Amino acid sequence: MPDAPAPPPTPTYHGDPGLQPERTILSWGRTMLSITVVGAVFLRWLPHYGGWMVGLAVAAAVVALSIYVTQRVRYRRQAGGIREEALQADVVAIIGTTAAVAVLGVLGILAVLTTTP
Amino acid sequence: MNNDESSRGWLAERLLPGGTEPDPRFTLANERTFLAWIRTSLAFLAGGIALEAFALDLFNEDFRRGLAAFIIGVGLLIALGAGVRWLRVEHRMRQRKPLPLPLIVPLLGLGSALAAATILVVLALE
């Protein structure tokens with residue numbers, strides 16, 4: 001997947017000298033790239049394990065893309081949260097990311113143990 | 001401090017009930033720590049996949065498969081542990097209680113040490 005770098009954060013003033021929203025967005029960006037890389041490494045299994053590795057790579061790309069398209073909203077939310085001194089934890093993003101990585105892991109183990117190259 | 005519980009989502013109400021919103025900086029720091037653990041987990045997944053894909057002639061097939069599954073399994077446990085740890089830390093912060101000990105740290109240490117030691121021993125014996 002041709003991953004563009006994370007979008008430049010919307011210049012929303014939050015007054016936090018620790019630049020917490022910026023650092024958190026970059027952290028999500030690095031995670032997005034890591035997921036893309038893992039998806040791409042699955043493609044290396046293509047000759048041994050067959051076509052469903054493309055499915056795994058595409059699934060990883062979809063997860064990465066969903067992080068990419070929500071980055072701007074996330075930054076605004078976090079900058080607003082710092083400004084207002086009240087930020088609700090992003091449970092959906094965390095649980096979703098955990099579940100996505102766990103599913104990639106389970107499918108990876110299944111591929112290794114059940115397929116005969 | 002925003003305590004308007006009705007504005008929180010269903011999942012947040014369910015997984016993080018009660019308490020009050022912590023300092024937003026702490027919430028963001030917890031989120032970044034979770035992401036760092038997730039990247040660690042992804043590195044294990046990539047490592048396991050790579051061992052299985054690139055070390056084809058290096059090891060005996062059963063050993064290679066078992067080790068790849070083990071390394072991916074460590075990554076899987078770290079990912080699940082990262083999610084659980086995030087929840088526990090967020091929960092404790094809402095309750096204004098001390099943070100829990102990170103159980104995924106010994107998991108990371110033991111998992112990597114075991115995988116590395118196994119590969120070293122097998123390479124040395126061959």
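Bear in mind that the values here come from a model prediction, so they are computed numbers and not experimental data. Throughout, a chain's letter reflects where its sequence line sits, starting with A, and its residues are numbered from 1.
Contact of the A/Ser27 side chain with the B/Glu31 side chain is not registered, since no non-hydrogen atoms from C-beta on lie closer than 4.5 Å. At a threshold of 4.5 Å between non-hydrogen side-chain atoms, the residues A/Val91 and B/Trp86 count as touching.
A/Arg44 contributes atom CZ, which lies 12.0 Å from atom CD1 of B/Ile49 (distance to the nearest 0.5 angstrom). To the nearest 0.5 Å, atom CZ of residue A/Arg30 and atom CG of residue B/Leu42 are 13.0 Å apart. In this structure, CG in B/Leu28 is found 10.5 Å from CD in A/Glu22, a value given to the nearest 0.5 Å. Distance check: B/Glu21 CD to A/Glu85 CD gives 12.5 Å after rounding to the nearest 0.5 Å. Considering CG of B/Asp23 and CD1 of A/Ile82, their distance stands at 7.0 Å, rounded to 0.5 Å. In this structure, the separation between CZ on B/Arg65 and CG on A/Leu113 is 7.5 Å, given to the nearest 0.5 Å.
Using a 4.5 Å cut-off between heavy atoms, B/Ala82 makes no contact with chain A at all. Contacts between A/Leu110 and chain B at a heavy-atom distance below 4.5 Å are absent for every atom of the residue. The contact between B/Leu45 and chain A is made entirely by side chain atoms (from C-beta outward), counting heavy-atom distances below 4.5 Å. Interface residue A/Ile95: only side-chain heavy atoms are found under 4.5 Å from chain B. Looking at B/Leu15, only its side chain comes within 4.5 Å of chain A, counting heavy atoms on both sides.
Contact between B/Arg25 and A/Gln20 at its shortest, heavy atoms only, is O-OE1, 3.3 Å. Pairing each heavy atom of B/Ala46 with each of A/Val38, the nearest pair is CB-CG2, 4.1 Å. In terms of heavy-atom proximity, A/Gly105 sits nearest to B/Ile72 at O-CG2, 3.4 Å. The two residues B/Gly83 and A/Thr98 come nearest to each other via the heavy atoms CA-OG1, 3.6 Å. Minimum heavy-atom separation, B/Ala69 to A/Val112: N-CG1, 4.3 Å.
Both B/Val105 and B/Leu108 are part of a single hydrophobic cluster, where members link through side-chain heavy atoms under 4.5 Å apart. With hydrophobic clusters built from ILVMFWY side chains whose heavy atoms lie under 4.5 angstrom apart, B/Val89 does not share a cluster with B/Ile38. In the hydrophobic cluster analysis, where Ile, Leu, Val, Met, Phe, Trp and Tyr join through side-chain heavy atoms closer than 4.5 angstrom, A/Leu19 is grouped apart from A/Leu26. In the hydrophobic clustering of this structure, B/Leu11 groups with A/Ile94; members are Ile, Leu, Val, Met, Phe, Trp, Tyr whose side-chain heavy atoms approach within less than 4.5 Å, directly or through other members. Hydrophobic clustering of Ile, Leu, Val, Met, Phe, Trp and Tyr side chains at less than 4.5 Å, counting indirect connections, unites A/Tyr68 with A/Val62.
With a 6.0 Å radius and a threshold of 12 heavy atoms from other residues, nucleotides or ligands, B/Leu101 has its CG atom at or below the threshold.
Most heavy-atom pairs under 4.5 Å with chain B: of the set A/Gly81, A/Ala89, A/Ala93, A/Gly39, this distinction falls to A/Ala89. Here A/Thr31 is the residue among A/Asp16, A/Thr31, A/Val41, A/Ile109 with the most heavy-atom pairs under 4.5 Å with chain B.
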